[in-house]
Participant: 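If you scroll down you'll find the structure; I have some questions about it.
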Amino acid sequence: MPISAPESWRRLLWAALLVAPLAALLYQFPIQFPGAPYTKAVPAMDAGAELELEYDMPGVLRVHKSGRVERFDGVETVPPCPSVDPANGVASKDVVLDPAASIHARLYLPSAAAAAAEPGKKLPVVVFFHGGAFFVHTAASPLYHRYCASLAAAVPAVVVSADYRLAPEHPLPAAYDDAFAALKAVVGACRPDGAEPWLAAHGDASRVVLAGDSAGANMAHATAIRLGKEGIDGHGGKVSGVALLNPYFWGKEPVGGEPTDAGYRGGFERAWEVICSGRFGPDHPYINPAASPEEWRRLGSGRVLVTTAEHCWFVERARAYAEGIKACGWDGELQFHETKGEAHVYFLPKYDSDTAVKELAMVADFVRRC
């Protein structure tokens, strides 16, 4: 039976809505509006090859039943700039923070002029976790190199962009373990006798802020929760602030105005299943903080910034986080900001837009006040 034009259009749009949310967890491209299909070119597959796939996030990665993983996004890298980059006045270098745990990071140090603005006073330290759906990107990705250098200059602060093991080869909680190990290494390195010269000379261990975007924001939250539970020897159980930029959270049941369609939601649940190898359900506190308010109230910081965007896939979760953290009994200062008319982590690809510049200034101000 022939399909009418309106019906054909509805089916095409429905297909886009099922695929786009998963691809939109990645940030190599500017997303203009919810439902926009992801069109990045990737190698074609024949029908036989499709049967050998365990998981496919179009344009991002393919997981084969053999265990082989193909990544198509977040694979580009840029080198650090050990001498000051004239574009932003920031030097950067790659370091191993913890050789035993193989924790690598890219460090950013603002110019001597900025560092000397207050003689004798060390700089705040931002421990930043990049996004990428736990699947792709590194600290050396162009998007994150530019953002972290810009943040270091804007505060000014020492920014530590920590790498971590990626899923699906290393399912969660591997990334969470690496994030906590990175925080411990940074705190230790900020001592006068610390092993990392930039941190030892310029990093203030009493002014550490955990930050990240999307999946990285999820990691910053998880790290702060673990810090509140376990603490760090010689440091305690709190950091000065936590900045969650367009955080990636989800849950089995819709909140606010989230879509209710089972197929739509199932796409996100399947992604999470691959990320954690099925170890944690869609309402585990790792992905849904509201599932454990007693844990949430112990978050290891007294200041939290949550940002989101009107067309972010997780905007309702960010709004619910802002409401939930106040309701769970956490006794701290919350700052919430929602950018109208923009999509998930728009500030990475549209870094020079007025809204992105404004958001960077707001994050920098938050860090300065911590």
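Along the sequence shown, residues carry numbers from 1.
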Participant: Before you tell me yes or no, could you show the steps for I232 and F180 under side chain to side chain contact (heavy atoms under 4.5 Å, CB included), namely the whole-Å CA-CA distance, both residues' side-chain angles and the distance that decides it to 0.1 Å?
Facilitator: CA-CA 10 Å; I232 294 175; F180 195 67; 4.1 Å; yes

Participant: Are F129 and Y176 co-members of a hydrophobic cluster defined by side-chain heavy atoms under 4.5 Å apart?
Facilitator: yes

Participant: Can you tell whether the side chains of R303 and E333 come within less than 4.0 Å, N to carboxylate O?
Facilitator: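 Between E333 and R303 there is a salt bridge, with a charged N closer than 4.0 Å to a carboxylate O.
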
Participant: According to a hydrophobic-cluster definition based on side-chain heavy atoms being under 4.5 Å apart (Ile, Leu, Val, Met, Phe, Trp, Tyr only), do L151 and V357 belong together?
Facilitator: no

Participant: Any link between V158 and V95 through a network of hydrophobic side chains (Ile, Leu, Val, Met, Phe, Trp, Tyr) touching at under 4.5 Å?
Facilitator: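 Result: yes, single cluster for both.
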
Participant: If you count the non-hydrogen atoms of other residues, nucleotides and ligands that lie under 6.0 Å from CZ in R279, is the total more than 12?
Facilitator: no

Participant: Establish, for the pair R146 and Y351, whether the NZ or CZ atom is under 6.0 angstrom from the six-membered ring centre and no further than 45 degrees off its axis.
Facilitator: yes

Participant: Checking side chain to side chain donor-acceptor pair (under 3.5 Å) against H64, which of E70, E54, E52 comes through?
Facilitator: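 When E70, E54, E52 are each tested with H64, the side chain to side chain donor-acceptor pair (under 3.5 Å) holds only for E70.
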
Participant: Output yes when a side-chain donor or acceptor of S240 lies under 3.5 Å from a complementary backbone atom of S206, and no otherwise.
Facilitator: yes

Participant: Kindly compute the distance separating CD (E359) from CG (L245), expressed to the nearest 0.5 Å.
Facilitator: 6.5 Å

Participant: With rounding to the nearest 0.5 angstrom, report the OH to CZ distance, Y55 to R62.
Facilitator: 13.0 Å

Participant: Any ion pair linking D56 and R270 (charged N to carboxylate O, less than 4.0 Å)?
Facilitator: no

Participant: In terms of heavy-atom contacts, does CG of D193 have more than 12 from other residues, nucleotides or ligands at under 6.0 Å?
Facilitator: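 Yes, because the 6.0 Å sphere around CG of D193 holds more than 12 heavy atoms from other groups.
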
Participant: Grouping I, L, V, M, F, W and Y whenever their side-chain heavy atoms are under 4.5 Å apart, do M362 and V304 come out in a common cluster?
Facilitator: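 M362 and V304: separate clusters.
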
Participant: With distance as the sole criterion, is a donor-acceptor pair present between the side chains of D213 and Y144 under 3.5 Å?
Facilitator: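 Yes, a side-chain donor-acceptor pair sits under 3.5 Å.
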
Participant: In this structure, are over 12 heavy atoms from other groups packed under 6.0 Å from D233 atom CG?
Facilitator: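 No.
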
Participant: Go through it in stages, so that I can follow the logic: the residues are I103 and D178, the test is side chain to side chain contact (heavy atoms under 4.5 Å, CB included), and I'd like the CA-CA distance, side-chain angles, deciding distance and then a yes or no.
Facilitator: CA-CA 7 Å; I103 303 299; D178 290 351; 3.8 Å; yes

Participant: Looking at A154, is its backbone amide N or carbonyl O close enough to the side chain of R368 to form a donor-acceptor pair, meaning the two atoms are under 3.5 Å apart?
Facilitator: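 Answer holds: yes.
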
